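Proteins come first, then strands; the chains are lettered A, B, ... in the order of their sequence lines, and each starts at number 1. Just so it is clear, the structure is predicted and the values come from calculations on it, not from any experiment. Side chains included, hydrogens not; waters and symmetry mates left out as well; all remaining heavy atoms used.
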Amino acid sequence: MFPKSLAVSRNISNFIRNLSGLSRLCSSSITIAESPCPPSCDVVVIADLIEKQHWSKLGVHVKDINPNELFRQLISSELDPDLCLRYYTWSVKNRNISVSLELTFKLLHSLAIAKRYSKIRSFLDGFAKDDGSDHPVHSILHAISMCDNVCVSSIIADMLVLAYANNSRFELALEAFKRSGFYGYKLSALSCKPLMIALLKQNRSADVEYVYKEMIRRKIQPNLFTFNVVINALCKTGKMNKARDVMEDMKVYGCSPNVVSYNTLIDGYCKLGGIGKMYKADAVLKEMVENKVSPNLTTFNILIDGFWKDDNLPGSMKVLKEMLDQDVVPNVITYNSLINGLCSGGKISEALGMHDKMVSAGVQPNLITYNSLINGFCKNDMLKEALDMLESVKGQGFVLTARTYNMLIDAYCKLGKTVDGFALKEEMEREGIVPDIGTYNCLIAGQCRDGNVEAAKKLFDQLTSKGLPDLVTYHILMESYCSKGESRKAAMLLKEMSKMDLKPRHLTYNILMKGYCREGNLKAATNMRTEMEKERRLRMNVASYNVLLQGYSQKGKLEDANILLNEMLEKGLVPNRTTYEIVKLEMVDKGFVPDVEGHLFNVSTKS
DNA sequence: ATAGGGTTAG
């Protein structure tokens with residue numbers, strides 16, 4: 001206890017030495033308020049009261065002193081910054097004062113000099129949380145810059161970025177990061193990491209890349225984590241070459257790529273479009289093995305999923321064999337992926353076999369496993385089996401969701417048994433499962449297929465009052481109107497959907513353009529194109545060109561079609577099989593050879 | 001810091 005009281009008395013004597021300002025303040029308040037000034041011994045008591053946390057007594061002693069001025073004096077004195085902070089917290093809470101940013105950060109600076117970092121951290125944490133008295137980031141950085149010790153300012157700016165990122169205020173974190181650069185503050189990878197992770201989660205890959213480049217420019221050494229986050233951001237946006245460059249950068253900075261780095265890269269290739277992507281994914285696998293990094297469960301799962309989605313089920317099976325050979329144990333993700341692959345390839349009995357295999361391997365199937373199997377049955381004309389499985393899943397005590405029922409309702413509707421679809425919807429409601437928009441979409445699509453657009457529209461209108469319809473609902477109805485030669489009615493829905501705050505997509509406009517083309521109304525179709533292009537985010541894509549191309553060539557306007565074709569190629573758009581078929585069927589077969597024939601044929605024969 | 005999955009429109 002002795003050393004502690006010694007520290008207290010030292011605090012207080014420092015404090016008294018700096019009191020001249022405060023007594024001046026007090027004497028001036030005498031002349032105005034004509035109330036007795038607290039004698040300086042009272043002020044010694046103030047410091048003592050803060051130290052001892054006798055707040056109610058303190059309240060009495062300082063009630064005639066301007067709290068902001070007292071705070072200013074406390075900061076300027078050499079009083080222990082911890083005590084200043086205590087006074088600050090108390091007076092903000094109990095005396096409702098608002099301290100200027102400049103003074104606040106002066107306090108944080110003295111805390112930083114005293115190395116009270118955790119105190120600063122929790123202070124800034126509260127600061128970042130507080131959305132009532134938000135200060136603009138530029139003002140905060142200005143306040144930070146009032147201290148001439150750049151190191152101390154850097155530390156505080158760094159903690160500010162971290163505090164914002166930890167409190168989900170990513171916009172502010174990014175702004176603080178940017179502005180710190182203008183002031184030349186050196187931040188740490190510790191704060192950059194949560195910022196980058198947050199930006200990645202919001203799919204803001206370009207911003208992740210920006211932060212990374214800034215780190216390099218500002219000579220902030222990235223660590224393995226931050227490198228992997230950047231690689232992930234680049235892979236997600238298909239910038240595989242840039243991702244590989246970052247892998248090379250890592251080595252320069254003395255970091256070796258680990259399993260996560262390689263897995264991320266492999267996944268990037270798997271999710272890339274185009275030919276030969278799995279070949280590249282496989283090459284990365286070989287590369288990682290060469291670099292003595294062993295593939296793990298995640299690696300194999302990524303590859304299994306990648307192969308069957310690339311229409312290469314045997315590839316998936318080979319990976320399965322490979323992982324078993326290496327004694328890597330498949331988990332529920334592995335089996336679900338395989339079951340999905342088998343079902344999508346129509347191999348239902350093999351999928352069931354895989355289910356048995358997982359059970360005997362001691363891996364518990366989950367609801368997704370069963371939904372995949374039910375979906376497999378539904379899509380392969382095995383409704384009876386699907387219904388049986390539904391019952392068995394119910395019997396196992398799984399809590400079903402609307403999704404399970406939606407697949408079955410859709411199967412009924414596609415068999416032309418829309419009535420049974422509605423009956424199943426009622427059954428699910430009796431079981432306490434609320435139909436979602438997917439349920440209604442299946443039913444509405446069913447009614448449309450039955451040629452009963454009126455009934456579909458009626459159901460749609462009921463949903464509209466509840467704000468339920470989504471983009472898919474609108475697309476189903478639009479398609480239906482268009483196929484009946486009522487494209488104008490479909491176009492009316494376009495206006496309605498914007499009122500419902502739904503943003504049209506390429507597909508939306510393509511449906512409408514296709515409708516008008518089918519009616520031979522090329523002018524209306526072209527107007528639709530103009531409408532679409534008014535929205536800057538929607539440029540003509542290959543599908544849009546295909547629609548118009550088909551419209552023009554079917555009307556025998558082959559020159560116009562050719563102009564369109566050239567336009568699309570000039571934009572660097574790659575024609576697909578549909579493009580090829582239209583050109584072949586409508587143009588080449590009718591004796592018209594497009595200018596771009598050679599190019600077109602070269603590209604399309606590959607896919 | 002990396003992997004998965006189910007419905008409806010195309």
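Ranking B/dA1, B/dA9, B/dG6 by closeness to the A/Ile197 side chain, first place goes to B/dA1. The side chain of A/Thr298 sits closest to B/dT2 out of B/dA1, B/dT8, B/dT2. Set against B/dA1, B/dG4, B/dT7, the side chain of A/Asp410 has B/dT7 as its closest nucleotide. Comparing atom distances between the A/Leu367 side chain and each of B/dA3, B/dG6, B/dT8 picks out B/dG6 as nearest. Picking from B/dA3, B/dG6, B/dA1 the nucleotide with the shortest atom distance to the side chain of A/Thr404 gives B/dG6. Nearest nucleotide to the side chain of A/Leu224, out of B/dA3, B/dA1, B/dA9: B/dA1. With B/dT8, B/dG6, B/dG4 as the choices, the nucleotide that has an atom nearest any side-chain atom of A/Asp305 turns out to be B/dG4. Closest to the side chain of A/Lys414, out of B/dT8, B/dG6, B/dA1, is B/dT8. Of the candidate nucleotides B/dG5, B/dT2, B/dG6, B/dG6 has the atom lying nearest to any side-chain atom of A/Met407. Relative to the side chain of A/Asn301, the nucleotides B/dG5, B/dA1, B/dA3 differ in distance, and B/dA3 lies closest.
As judged by a 4.0 angstrom heavy-atom cut-off over every strand, A/Asn331 is placed among the base-contacting residues. When heavy atoms are screened at a 4.0 angstrom cut-off, A/Asn510 is found touching no nucleic acid atom at all. A/Asn336 comes within 4.0 angstrom of a nucleotide base, judged by non-hydrogen atoms across all strands. Heavy atoms of A/Ile302 sit under 4.0 angstrom from primed sugar atoms or phosphate atoms, though from no base atom. At a threshold of 4.0 angstrom between heavy atoms, the contacts of A/Asp470 with the nucleic acid are absent. Counting any heavy atom pair closer than 4.0 Å across all strands shown, A/Thr264 reaches sugar-phosphate atoms only and no base atom.
Separation of the A/His355 and A/Tyr335 ring centroids does not fall under the 6.0 Å cut-off. The distance between the ring centers of A/Phe170 and A/Tyr164 does not fall below 6.0 angstrom.
Rounded to whole Å, the distance from CG on A/Leu342 to P on B/dG6 is 14 Å. Going from atom OH of A/Tyr474 over to atom P of B/dG10 covers 18 Å, rounded to whole Å. Taking atom CG of residue A/Leu507 and atom C1' of nucleotide B/dT8, one finds them 12 Å apart after rounding to whole Å. Distance A/Ile374 CD1 to B/dT7 P: 11 Å, rounded to the nearest Å. Straight-line distance from the CG atom of A/Asn441 to the P atom of B/dG6: 17 Å, rounded to whole Å. The NZ-C1' distance, from A/Lys379 to B/dG6, rounds to 9 Å in whole Å. Nucleotide B/dA3 holds its P atom 14 Å from the CE atom of A/Met288, rounded to whole Å. Regarding A/Asp436, its CG atom lies at a distance of 11 Å from the C1' atom of B/dG6, rounded to whole Å.
A donor-acceptor pair under 3.5 Å is absent between the side-chain atoms of A/Lys193 and the main chain of A/Thr226, judged by distance alone.
Distances shorter than 4.0 Å separate none of the side-chain N or O atoms of A/Asn406 from OP1 or OP2 on B/dG6. Dashed line: the shortest gap from a side-chain N or O of A/Lys309 to OP1 or OP2 of B/dG5 is under 4.0 Å. Distances shown here put a side-chain N or O of A/Lys271 below 4.0 Å from the OP1 or OP2 atom of B/dG4. A/Lys236 has no side-chain polar atom (N or O) that falls below the 4.0 Å cut-off from OP1 or OP2 of B/dT2. At least one side-chain nitrogen or oxygen of A/Arg449 sits closer than 4.0 Å to the OP1 or OP2 atom of B/dA9.
In terms of polar N and O atoms assigned as donor or acceptor, the side chain of A/Thr401 comes within less than 3.5 Å of the base of B/dG6 in a complementary pairing.
Classification of the A/Tyr474-A/Phe460 ring pair by plane angle, with boundaries at 30° and 60°, yields perpendicular.
The distance from atom NZ of A/Lys499 to atom CE of A/Met497, rounded to the nearest 0.5 Å, is 12.5 Å.
Under the 3.5 Å distance criterion, with hydrogens and angles disregarded, no donor-acceptor pair is assigned to the side chains of A/Tyr552 and A/Glu586.
Screening residues 265-275 of chain A for side chain to side chain donor-acceptor pair (under 3.5 Å) gives A/Arg244-A/Tyr269, A/Asp267-A/Lys271 as the qualifying pairs, with residues at least two apart or on separate chains.
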